[in-house]
Amino acid sequence: MSLSDELSSLDELHQRGTLSDDEFARAKARVLGSAPRAAGDGPALAAAVNSFRRHPADRWLGGVCGGLAHLTGLASWIWRLVFTLLALCGGTGVLVYLLMWIFVPLGDTHFNGEPDKLRAG
């Protein structure tokens with residue numbers, strides 16, 4: 001089906017009332033390859049990476065595992081076990097942990113929104 005056939009089919013559906021104005025505009029944009037982004041409609045991975053912070057309270061060393069636990073929903077002990085196993089496999093766990101400790105910022109508040117009482121005094 002060619003581009004003009006698809007557009008005419010969409011227009012036909014719109015004329016019959018099957019598609020609302022908004023649905024027609026979105027479908028037309030999809031067909032033309034320029035679908036408009038809705039507000040907040042970005043890649044989930046980029047949003048997760050931008051919100052990743054080391055956890056100020058759930059930490060043994062740098063808070064990396066606590067931050068990963070909050071980000072992924074897994075328990076922090078699982079992340080500690082993963083890094084320990086990776087450390088036993090050629091030291092990659094230590095290297096990755098150190099890089100994350102250096103480059104991932106520490107969260108200023110607890111993840112429930114309360115100010116961090118450990119750092120505030």
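Not measured: the values here are computed from a predicted model.
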Looking only at heavy atoms, which two atoms of Val94 and Ala87 are closest? And how far apart? CG2-CB, 3.7 Å
Treating Ile, Leu, Val, Met, Phe, Trp and Tyr as nodes and any side-chain heavy-atom pair under 4.5 angstrom as an edge, say whether Leu88 and Val96 lie in one connected cluster. no
Tell me, with the steps shown, if Leu13 and Glu23 meet side-chain contact (heavy atoms from CB on, under 4.5 Å). CA-CA 10 Å; Leu13 290 171; Glu23 292 170 332; over 6 Å; no
Please evaluate residues Arg80 and Ser76 with respect to the criterion side-chain hydrogen bond (donor to acceptor under 3.5 Å, both in side chains), reporting the C-alpha separation (whole Å), side-chain torsions for both, the decisive distance (0.1 Å), and the verdict. CA-CA 6 Å; Arg80 290 182 181 106; Ser76 57; 2.9 Å; yes
If every non-hydrogen atom of Leu61 is compared with every non-hydrogen atom of Tyr97, which pair is closest and at what distance? CB-OH, 3.7 Å
Using the six-membered ring wherever Trp is involved, compare the ring planes of Trp79 and Phe83 and label them parallel, tilted or perpendicular (cut-offs 30° and 60°). tilted
Atom OG of Ser4 and atom CG of Asp11: how far apart are they, to the nearest 0.5 Å? 12.0 Å
Tell me every residue that passes salt bridge (charged side-chain N to carboxylate O under 4.0 Å, His left out) with Asp21, counting only those two or more places apart in sequence or in another chain. none
Between CG of Leu10 and CG of Asp5, what distance do you get to the nearest 0.5 Å? 11.0 Å
From Gln15 CD over to Ser8 OG, what is the distance, rounded to the nearest 0.5 angstrom? 11.5 Å
Grab the two heavy atoms, one from His14 and one from Leu19, that are nearest each other, plus how far apart they are. CD2-O, 3.4 Å
side-chain contact (heavy atoms from CB on, under 4.5 Å) between Leu32 and Leu7: does it pass, once the steps are laid out? CA-CA 9 Å; Leu32 294 175; Leu7 288 174; 4.1 Å; yes
